[in-house]
Every structure is written in C-alpha cells, then in structure tokens.
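When a ligand or atom number is given, it counts from 1 through the structure's own listing order.
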Amino acid sequence: MQILFKNIKELIQVREKAEVFVSGEAMKTLPCIQNAYLLIKKGVIASFGPMTDCPEYEVDEIVDATGKMILPSWCDSHTHLVYAGNREGEFEDQINGLSYQEIAKRGGGILNSAKVLENTSLEDLYLQSKVRLEEVMHLGTGAIEIKSGYGLTPKSELKMLRTIKRLRKEYPIPIRATFLAAHAVPKAYENKKKLFLKTILEETLPVIQAENLASAVDVFCETGYFTPEDTAYVLKTAQAYGLKPKIHVNQFNAIGGVAIGVRYKALSVDHLELIHDEDLAVLKGSKTMPVALPGCSFFLGIPYTPARKILDAGLPLALASDYNPGSAPSGNMNFVVSTACVKMKMTPQEAINSATINGAFAMGVEQEVGSITVGKKANLILTKTIQSLTALPYSFGSNLIEKVYVNGKILNK
Ligand code: NIG
Ligand code: FE
C-alpha cells in the first residue's frame, strides 16, 4: 500500500537523519517544508520534499492536503493509563483546599487506586485501559509509555504489567512498559519500607524478565515516599535485569534524586516542578532527558516545571501527559503542548520538539517515531485547515486534528 500526500501546506518536524534529541537553542528550530509532499510505503515514510520536486509516483491513494499540515504523532513518554476506577471522589476534597499530600494521608491517593485495582480482574483492567488508550490515539498520540505502580504487591504489579503487554499486542503504536516498582509504601509494610522494596523486587523482577513485561523501571523519589538511597537501590537492582531507569523526581521537594538518576544513566527524570542549579549542572553533558508534565501542574495547582531555566541552560526537555487518576486525569497531548506554551513560556516550536522527537528519546523509541524521517513509522497527524502551526497550541481546547494515521493507515473512529 502506497499513499501520497500532496500540497501539504507545511510538513512539520522533518529531519534528514534520525537525530537522537534536540536541546537548548536548537529547540527553537522546528524544521518544516512549505508546500510539501510525503510518500508512505508499507506503513513507513519513504520520501518527502517540496511539491516542486515531487516525482510522478504510481500509488494506491492520493490525499490532497491543501491548507492542512502534517506532523509526526505525539510521543507521550510518561503515563499511568492502566488503572482501575478513578479518583473522582477525591476531586471535591481537592477543590475544597486539601493538598495532594493531605488527601494521600487520609488513605486516598495512590493507596486508594491500589485498593481498587486489587479488586479488579485482569480482564476488566484491560477493558478500562483500552478505552483510554484508544481515546489518546484519536487525540494524536502515536507512541506511548505506560507504567505499573498501582499494584504495590507482586501479584497486582504483574496484573498491571500483563495488561500493558496485552495492549502492546492488540494496538499498532509503539508502547513501552515501565515497572514502577516504588510508587508508595503499602499499609501492610508501614515502617518496613526496606522490606517492601526487597520483596517487590525479588518477587517481581525474575517474572518481568521471563515474560518480557517491561523495558524500564521507575521510582517516586519524594519526601514521604522514597529517598534517593531507596531510589538508587531500586534502579541498581532492576538494571541487573535489563530495565532502564526513569524516575519521578522533584515534584514537591528537591532531595537529590536528579543526581541519582543521572548516576544510573536514567533515560529520563520526570516532573521537575522544582529544580535547583545543582540539578541543572548534573544534567549537563548527560543523556538523561528532563521531562515536564504540565497537565499535573494544571490539575494539582502546583508550580509548572521551569522550562525556560532548563532550556536556557542548554538542556533538552520533553513534554508528557502523566495520564493518571490522581494528578493528571487526561492524556490529551494537544492540551499539554498548549499548556507548555501558555504557562511555561515555551514557543510552539520548542513545545512541538518536546512532544515529538524528545518524547520519543525519553522512552527509547527515537529510531522509530518522533520525526518525519525516511524509514520511520508513518504515525502522523493531519491537521484541519489552519493558518499557521501556532494554531495548534493557540486554539487550546479545540480539536484541530482532521485525521490520525498509524503505520500509514487512517485510525478509524
Ligand atoms: O506522576 N507522582 C507520582 N505519581 C503520579 C501520581 C500518582 C497518583 O496520584 O495516582 C504522578 O503525578
Ligand atoms: Fe507520573
């Protein structure tokens, strides 16, 4: 099957080579071709360029994209979209002024989601999760990372990871699974955190390896959750099983976790609502991607990740949704990109770089997706008729996507 898109008003994020990621000043540039063509062969990008250079192709289908733009699909490198139920019950407490930590102390938060998940069957968990995955795919997400972490027991963690594995099998976009081994200490292990970590790792890692259930490991490194020492222990133990580190860090407090992430060569350090100069210094020269989650800041009313400080220090930045029931109950990457521009003062070019090429790097799929590059998957967003690419973040809340393509095929409603 061959498809030729013609007269594309702007072909966005074109990269000759599958660059790994972009940082600092370079993020201000989003390479585009005006009045372009794009050829897809067998689900893969085969050729592109200005219309004036478009050869006479014999194809199965021609799409006239006059007035419309094409960009690579969003790469959402941080989600928890496999969960059971929701936390609507806590939303009013939040509105009435209780903080995330106060809600957690009352038995809400992660422990609440874990209890519901424990009582949800594998089949039901899959059915609930697939609805969310389909929703975000229609919103333009063409590659995604999904974490466990609402299990908190070996049995429930494996239930989550097997659900992610089933999603990977049933859906055509790249899905990366992360074992979020240390998300909260369950009640049964109150004051026995070390034993909890030892047990969850020992009982789960061999199964994860045998069944190929995850490619990364994650820890919530935060006051009241897990210390930098706990984080180092988890990352080191899981690395021996081939899992790449990613961490939740500097969300409410900066306690030295960023340096641990860099020391263990983490793929990404995520949240960073708080960031100190020493954190920026350790990230410099590393290949660890800082990831901002503006949907979480929006929903919890906490500070936004200081993107300008990170970018002006010459570092890269990725944007992700953090889709989860407690701190970001939305996986809409269009909203994430808008919010990054409005609240974090990222330019549309920087935000789109962050949500495509850099997001791909943050989950290790940069050779497959994240840019318009020959050989990459044709996971694409075709916009409606728009004036300029700025319309995407500017018109927040509007759906400017006309069609989503996955492996060169229209994603049907
Ligand atoms: O990324 N910070 C930790 N984990 C999630 C929230 C989990 C929850 O509240 O359910 C996050 O914000
Ligand atoms: Fe998260």
Side-chain angles (χ1 to χ4, degrees), residues 76-91 93-94 98-118 128-129 132 136 144-152 156-157 160 164 176-186 216-226 230-231 234 245-255 257-258 261 266-274 289-305 318-331 333 336 359 362-363:
D76 189 354
S77 66
H78 180 143
T79 85
H80 309 246
L81 76 64
V82 167
Y83 59 82
N86 59 56
R87 301 238 286 278
E88 285 165 18
E90 295 172 6
F91 188 38
D93 293 338
Q94 183 189 319
L98 285 193
S99 71
Y100 180 83
Q101 289 95 328
E102 285 163 341
I103 291 170
K105 259 202 202 104
R106 288 172 146 201
I110 296 165
L111 296 186
N112 176 0
S113 291
K115 208 186 299 158
V116 180
L117 190 130
E118 194 177 357
Q128 292 186 37
S129 305
R132 297 183 200 113
V136 299
I144 197 165
E145 182 257 16
I146 309 174
K147 301 174 197 296
S148 64
Y150 292 117
L152 309 183
S156 291
E157 278 298 298
M160 291 190 77
I164 303 171
R176 285 288 177 275
T178 297
F179 172 39
L180 176 41
H183 202 190
V185 181
V217 64
D218 200 338
V219 180
F220 187 16
C221 180
E222 180 61 58
T223 308
Y225 292 83
F226 298 94
D230 298 331
T231 304
V234 174
K246 285 171 84 70
I247 53 176
H248 281 71
V249 71
N250 290 30
Q251 182 176 5
F252 303 106
N253 299 282
I255 55 173
V258 173
L267 263 179
S268 68
V269 284
D270 303 31
H271 274 288
L272 309 175
E273 285 85 344
L274 261 179
M289 177 66 67
V291 179
L293 309 164
C296 170
S297 299
F298 172 84
F299 188 75
L300 293 185
I302 62 173
Y304 286 86
T305 302
L319 287 167
S321 73
D322 198 14
Y323 195 178
N324 77 74
S327 68
S330 162
M333 283 295 285
V336 167
M363 57 177 147

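Side-chain polar atoms of H271 and H78 form no donor-acceptor pair below 3.5 angstrom. Between the side chains of T178 and E145, at least one donor N or O lies within less than 3.5 Å of an accepting N or O.
When side chains are defined from C-beta on, H248 counts as touching K147, because their heavy atoms get closer than 4.5 Å. Looking only at side-chain heavy atoms (C-beta outward), I255 and T223 come within less than 4.5 Å of each other. Residues I302 and Q251 meet the side-chain proximity criterion, which asks for heavy atoms closer than 4.5 Å. Looking at V258 and L272, their side chains come closer than 4.5 Å, going by heavy atoms from C-beta outward.
Note on the Fe ion (ligand 2): protein N/O/S atoms under 2.8 Å are H78 NE2, H80 NE2, H248 NE2, D322 OD1.
By the 30° and 60° cut-offs, the orientation of the rings of Y83 relative to Y150 is perpendicular.
By the 6.0 Å contact criterion, CZ on F298 is open, its count of non-hydrogen atoms from other residues, nucleotides or ligands being 12 or less.
Once rounded to the nearest 0.5 Å, the distance linking CG of L81 with CD of Q128 reads 12.0 Å.
In this structure, ligand 1 sits under 4.0 Å from heavy atoms belonging to H78, H80, R87, Y100, I110, Y150, H183, F220, H248, Q251, H271, D322, N324, G326, S327.
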